[in-house]
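So that the names make sense, note that chain A is the first sequence line, chain B the second, and so on, each numbered from 1.
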Amino acid sequence: MRLDHIRNFCIVAHIDHGKSTLADRLLERTATLDRRQMREQVLDDNDLERERGITIKLHAVRMLYRDPAGSEYELNLIDTPGHVDFTYEVSRSLAACEGALLVVDATQGVQAQTLSNLFLALDAGLEIIPVLNKIDLPGAEPERRRNEVADLLGVEPDSVLLASAKEGVGIDEVLQAVVSRVPPPAGDPDAPLRALIFDSYYDKYLGAVPSVRIVDGTVRPGTSITFGNVDRRYEVTEVGYLRLGRVPQPELAPGEVGYVVAAIKEVADTRVGDTVLDADRRASELLPGYREARAMVFAGLYPTSSDDYEDLRDALQRLKLNDASLHYEPETSGALGFGFRCGFLGLLHMEIVQERLDREFGVDLITTVPNVEYHVRLTNGTEQRVESPTALPDPGRIESIAEPVVRAHIMLPADYIGFVQKLCHERRGVFKGMSYLDPQRVEMNFELPLSEIVLDFYDRLKGGSRGYAALDYEFLEYRPDDLIKLDILVNGDPVDAFSVVIHREKAFEYGRDLVRKLKELIPRQQYEVSLQAAIGGNVIARTNVKALRKNVTAKCYGGDITRKRKLLEKQKEGKKRMKQVGTVEIPQEAFLAVLNLGSE
Amino acid sequence: MPADAFPPVSVGGGGDGIGTVSGGAAATVASVYVHAPFCVRRCFYCDFAVQVRRTGGVDEWLEALAGEVAFVRGEGLFGLADELSTLYVGGGTPSLLGPEAMAGLGRVLGPERLRGGGLEWTAEANPESLTPEVALRWREAGVNRLSLGAQSFHEPALRWMGRMHGADGAARAVRRAREAGYENIGIDLIFGLPAHLGRPWREDLERALELDVSHISLYGLSVEPATPLGRAVAKGVEAPVDEEGYREEFLLAAEVLEAAGYAHYEVSNFARPGAESRHNSVYWTGAPYLGLGNGAHSYTGHRRNGGGPVRRWNRRDWSAYRNAACSGASPEEGRESLSVDAVRLERVWLGLRTTRGLDTAGWKERARELARDWRRRGLADVTDGVVRLTREGWLVMDRLAVELEATLSP
């Protein structure tokens, strides 16, 4: 297909503004998939994911579209992940496009992710086609929202398309706008191969399969490829594009979007943002914008039963095949035994990994309190990076501790400005400005330590604004502050899994709340258990869990032993979820107790 | 009871079932429990299968039991032994059924099975309904052990519980029982009552000793959700059981009763030498038993179709039970086939209940280490390879059972 008949675009939107419904309608209208196939596709995906531990999403689907004038176009719709943890991935997907549909809910208007996605799309130099969706809903205010979006983009209100993806209204107009407004890709077919990897999935039979956008050159079966940032060589066995499944093609040419099969061992070789090169004819320059996926949040993952350590290791290994952004390395905790320190892109990523380990691999886990990476400057002038509070050097050797600070954008109804100010202030936030999107809605900007966000910030924000406030953030810089390590002592012994790095001014309140919370969570034992929060050798809060004085089902009459046994079985189940730390049994939930502090 | 009939329970040494027998024929049971569901009123704390009525309907009771016995005979899971070893009539309030109830029950079960000299036939009675006639006619029918629901000698406590007898009721009932010729008399006492009742526990124990009975059962008050007490606690009107008080009363009772010559042979039972309840030990040792009446449980280690031992239970509701039993249908409400894990847990828990204890033969090292740890902490004695819980151990027995079972599981 000629370059000027190719359009590469994506859809960006705030969550629930109708991105997937619009995508479905486009596929339907171009007869790429019918409704039945789409349903099956969804079902198949789930089954496949479950059975084979792979993810096949509609990451880049090719549509053929004939415009009213009768010309045929190849439209590549590139999907983007929809969460703040995956901002970098989103930016790479956008880099594979020339245009973006910016979908805005006609009832809700512009939201936090609308803005952050829009800025990413503008950064990528994309042509933006605003689409006001859900115009059929009773609460829709199409004219008001249209003006709002037009103001935001600095365009004429008429250029904002009106649609209802659910009802199939305005779909043709969207397709025509993609053809007429999104510029065709450019590229030099004779130049050495350069293709941008914007996604990759792992297939048990094919290995890692990257999704690519060809920028220059061509790739075809038999091409020897390598990567800009991974020194490996593979021979391509198949190229093509994705529709219901893989559709093999003789080659992928400049401007085209498709997949490459080359028996690539793991997704870590096909890093998002990296450049695919011809191994025999390396281009002199890589595509811009690549960076290593950087873990922002760290936590220890430990098997509840130490017998399951090997299982956990195997499960992490298999997850890693499909998730290049997951980092892990062995770690030993005095309290929890052998486990792994894992790095995640963000909290959602951490939850996904936990969930998959539990559901797909059946590993019973204890997760420690998530923390960020600290940069510790030592008195001898060297710097150390610390991913775990327990790894913090002796206080005497520490010159200063720096922590990651993010730039946070919070979108909220104006009624909650006071609440958000207060919350961010409590979290050591620095107010950086505020702008009204309309008289009711405000975007507030703060610089916040990431460590203050990874605990319960998001829940508090949602809770305090009746669900209306939305958060987005990006990494800003490392900044030193008055940070110290707080330990929790159980029966006088520090339990490393409870240690946190915290600002000195917040340590007392945190320690007091945490020992109180632990007192609720730790069941009574044979002996009294003392709980203390301490900084260095200095105890700042203490409480005790009273001893268990009675635990007996004295009556046993009439032969109803079944019921009594069931009570015992319940105790037994409870005990299984306990971790033995010294002589004290601590339930799994206790290790994440801090996430619920201050929620009362 | 002779000591050699009371060996420690073995667990973890390879046996996979309690009292397991195999083969195609019905299991022979020599122990029968019969439930008498009627009560004049429901006690404040009671969650048993009880039917409230003014007078016991002895005729319908016997009719329903006869129906169930016929059903059981046809079913072929349990076969009654030619001579029963123990028969226990509990409730409810069996004494409410009147003087003819036990003779009638004898006819239902087959008088020939009850003639053996070794039969322990226990019937429970409440002080107010154990009339001289009831005591005498039951004795004539073959009942040779009476268990009296004394509970307390303290008027406010009895009132609070909803008992029908007064402070002197228990003593009168014991006298009547003696006059009717019973030598083997036991009483139940309840402890762990709310402090606001001012129940004088030590005095109650002394009053109990004055009765000079051969057996004393101690029941710690437990708050069950589906009882008036449970609802009162949930509403905050009544205090939950005070663990410290419970503990002190349990320890005091054990001390006082043992000093008076009663052996603390099971966590909640005390007996003069030789007067241990043989029927209850059937539950603790895993021998088969047949339960008749509403809500009654039956158990057999006999394997059917390769499954585990079976425990089953009858419908709890009296009318539902009676309708099924009288029409020749199964009154069963549910049953379970015990897994190897369930058997092990029960064996450990039941084994720890009694002074027979658990035999450590065949135990893994971690289980032995746990037993040594208990001994160090004063929770158990370990003598000649047998673990027996101390009073302190019995107070946290459920937890210890769960701990030990974990070390014995593969």
**OP:** Would you check, one step at a time, whether the test salt bridge (Lys or Arg N to Asp or Glu O under 4.0 Å) holds for A/Arg524 with B/Glu243?
**Re:** CA-CA 12 Å; A/Arg524 292 179 308 148; B/Glu243 289 190 10; 2.7 Å; yes
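- In this structure, B/Leu338 and A/Arg565 have side chains that are in contact, with non-hydrogen atoms separated by less than 4.5 Å.
- Ion pairing of A/Arg563 with B/Glu224 is present here, as a side-chain N (NZ or NE/NH1/NH2) and a carboxylate O approach within less than 4.0 Å.
- For the set B/Gly291, B/Ala342, B/Ala401, B/Ser217, the entry with the most heavy-atom pairs within less than 4.5 Å of chain A is B/Ala342.
- No more than 12 heavy atoms of other residues, nucleotides or ligands sit less than 6.0 Å from atom CZ of A/Arg466.
- A/Ile561 approaches B/Tyr289 most closely through the heavy-atom pair CD1-OH, 3.8 Å.
- With respect to chain A, the highest number of heavy-atom pairs below 4.5 Å among B/Val241, B/Val396, B/Leu400 belongs to B/Val396.
- Contacts of A/Glu585 with chain B are made by side-chain atoms alone, with heavy-atom separations under 4.5 Å and no backbone atom involved.
- Applying the 6.0 Å contact sphere to NZ of A/Lys546 captures no more than 12 heavy atoms from other residues, nucleotides or ligands.
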**OP:** Show your reasoning for whether side chain to side chain contact (heavy atoms under 4.5 Å, CB included) applies to B/Glu346 and A/Lys564.
**Re:** CA-CA 9 Å; B/Glu346 287 190 3; A/Lys564 313 289 185 212; over 6 Å; no
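- Using a 4.5 Å cut-off between heavy atoms, A/Lys572 contacts chain B through both its backbone and its side chain.
- Salt-bridge formation is not detected for the pair B/Glu392/A/Arg549: no Lys NZ or Arg NE/NH1/NH2 atom is positioned less than 4.0 Å from an Asp or Glu carboxylate oxygen.
- Looking at B/Glu248 and A/Lys550, no side-chain N of the basic residue comes within less than 4.0 Å of a carboxylate O on the acidic one, giving no salt bridge.
- Remark: A/Phe419 CZ is packed, more than 12 non-hydrogen atoms of other residues, nucleotides or ligands lying under 6.0 Å away.
- Environment of NZ in B/Lys364: crowded, with over 12 heavy atoms of neighbouring residues, nucleotides or ligands closer than 6.0 Å.
- When all heavy atoms are compared, the tightest approach of B/Arg399 to A/Leu548 is CD-CD2, 3.7 Å.
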Subject >> A/Leu567/B/Asp398 under side chain to side chain contact (heavy atoms under 4.5 Å, CB included): CA gap, chis, key distance, verdict >> reply: CA-CA 9 Å; A/Leu567 295 175; B/Asp398 288 6; 6.0 Å; no
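- With chain A as the partner, the residue from B/Glu405, B/Arg377, B/His279, B/His35 showing the most heavy-atom pairs under 4.5 Å is B/Arg377.
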